[in-house]
Amino acid sequence: MSTDTRTPAVLFDIDGTLVDSNYLHVAAWLRAFDAEGIPVESWRVHRCIGMDGSTLMQTFAGDAAEDVLDRLKDAHSRFYKETSGLLAPLPGARELLRGVADKGLQVVLATSAPEDELAMLREVLDCDDVVAAVTSSEDVDTAKPKPDIVEIALDRAGVSAEDAVFVGDAIWDCEAANRAGVPSIGLLSGGVSRSELREAGASDVFENARDLLTKLDSTQIGDLAARVSAPR
């Protein structure tokens, strides 16, 4: 019998889930591709937000040389930082993180954002006091929809897949969680439809963090909290 008594965890994507950043990423990628003379449509870029950055670049740049990919990556980062003043927490994001922590669950930021972008996102969220663990792009070679970042988040929290729930806004979030054996909850705040999130594996879908917070007790997060509060 396992003697592991680690507290169950809720794993959160950040971009589009907790911080309103997805469309800033779209604009930054559009400018980066334009600077390289690579025509792309903004809606197609949006469909790729949340997936591994290298995969996104290869989707539109094809077999471009490594130096082109390096310039695209650097340009995206530069253009994104130029708009960082527009970053803002999505409705209810801070309250959701604090609400989850108040229920005795671990709050884990399971993101593959680069360290410099992650620093900006955490500053915008201003909730580090309730965050138990964090991941970043430095932790994996390839991000979502591969499950690596989810598995690392589980390891950082010290819990198994059965003792966690993932909250994200993209199909890549739900697919990665599903591959790691972690149930997921989808949010519409990233601009992906309810049906697509469901098809990608989300057990339930809510409008945004605030909507999820108001119904928290009826979700799998509520089930985890009930386990924490149940007499042993």
Side-chain angles (χ1 to χ4, degrees), residues 2 4-20 50 89-112 121-122 125-135 144 147 149-190 192 194-232:
S2 171
D4 186 8
T5 58
R6 291 299 298 268
T7 304
V10 183
L11 318 180
F12 289 94
D13 172 63
I14 304 180
D15 284 303
T17 300
L18 300 173
V19 176
D20 196 3
L90 282 155
R94 290 171 177 158
E95 295 83 355
L96 176 60
L97 295 185
R98 297 190 183 283
V100 166
D102 286 345
K103 287 184 177 296
L105 301 172
Q106 293 189 78
V107 172
V108 179
L109 302 182
T111 177
S112 56
L121 295 169
R122 293 175 71 171
L125 273 175
D126 191 25
C127 284
D128 274 0
D129 57 307
V130 297
V131 173
V134 184
T135 66
K144 305 164 192 171
I149 204 73
V150 180
E151 293 168 348
I152 288 171
L154 291 173
D155 185 63
R156 295 263 165 91
V159 300
S160 65
E162 294 76 23
D163 292 319
V165 175
F166 192 99
V167 181
D169 69 292
I171 61 174
W172 320 112
D173 295 324
C174 299
E175 288 182 2
N178 187 54
R179 291 175 180 178
V182 178
S184 63
I185 292 172
L187 301 185
L188 299 176
S189 48
V192 177
R194 186 180 302 274
S195 61
E196 288 176 302
L197 291 170
R198 285 280 199 181
E199 289 171 9
S203 61
D204 211 342
V205 181
F206 298 89
E207 183 175 333
N208 54 24
R210 179 175 293 158
D211 185 30
L212 172 56
L213 178 61
T214 63
K215 299 160 185 169
L216 204 58
D217 289 341
S218 65
T219 70
Q220 289 161 311
I221 296 175
D223 294 341
L224 287 181
R227 264 195 260 163
V228 171
S229 60
R232 296 177 180 249

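Nothing here was measured: the structure is a model prediction, and the numbers come from that model. The chain is numbered in sequence order, starting from 1.
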Taking only residues two or more places apart in sequence or in another chain, which ones pass salt bridge (charged side-chain N to carboxylate O under 4.0 Å, His left out) with E207?
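Salt bridge (charged side-chain N to carboxylate O under 4.0 Å, His left out) list for E207, sorted by chain: empty.
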
For D204, what residues pass the salt bridge (charged side-chain N to carboxylate O under 4.0 Å, His left out) criterion, not counting sequence neighbours?
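In terms of salt bridge (charged side-chain N to carboxylate O under 4.0 Å, His left out), with neighbours along the sequence ignored, D204 is linked to R198.
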
Which atom names give the shortest non-hydrogen contact between [X] and [Y], and what distance separates them?
X    : Y    : result
A93  : L125 : CB-CD2, 4.2 Å
A209 : L187 : N-CD1, 3.9 Å
L224 : A9   : CD1-O, 3.7 Å
D13  : D15  : OD2-O, 2.8 Å
L97  : V107 : O-CG2, 3.5 Å
F206 : K215 : CE2-CD, 3.6 Å

Run the numbers on I171 and E199 for side chain to side chain contact (heavy atoms under 4.5 Å, CB included), then give the verdict.
CA-CA 8 Å; I171 61 174; E199 289 171 9; over 6 Å; no

Using the side chain to side chain donor-acceptor pair (under 3.5 Å) criterion, which residues pair with [X]? Sequence neighbours excluded.
X    : value
S218 : none
Q220 : S203
R94  : none
D102 : none

Walk me through whether L188 and L197 qualify under side chain to side chain contact (heavy atoms under 4.5 Å, CB included).
CA-CA 9 Å; L188 299 176; L197 291 170; 4.1 Å; yes

Sequence neighbours left out, what passes side-chain contact (heavy atoms from CB on, under 4.5 Å) with [X]? Give chain and number order.
X    : value
P147 : E151, R179, A180
N208 : P91, S189, R210, D211
E95  : L213
S112 : A143, I149

To the closest 0.5 Å, what do you measure between [atom1] ([X]) and [atom2] ([Y])?
X    : Y    : atom1 : atom2 : result
L121 : D126 : CG    : CG    : 13.0 Å
L18  : L96  : CG    : CG    : 7.0 Å
L154 : R6   : CG    : CZ    : 11.5 Å

Which pairs with one or both residues in residues 153-162 pass salt bridge (charged side-chain N to carboxylate O under 4.0 Å, His left out), sequence neighbours excluded?
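Residue pairs with at least one partner in residues 153-162: D139-R156.
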
Under the salt bridge (charged side-chain N to carboxylate O under 4.0 Å, His left out) definition, can you give me all pairs with a residue in residues 166-177, not counting sequence neighbours?
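Salt bridge (charged side-chain N to carboxylate O under 4.0 Å, His left out) check on residues 166-177 returns K144-D173.
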
Start with the C-alpha gap between V167 and I221, add the side-chain angles, then the distance that decides, and say whether side chain to side chain contact (heavy atoms under 4.5 Å, CB included) holds.
CA-CA 10 Å; V167 181; I221 296 175; 4.0 Å; yes

Is a side-chain N or O of Q106 found less than 3.5 angstrom from the main chain of A157, in a donor-acceptor match?
yes

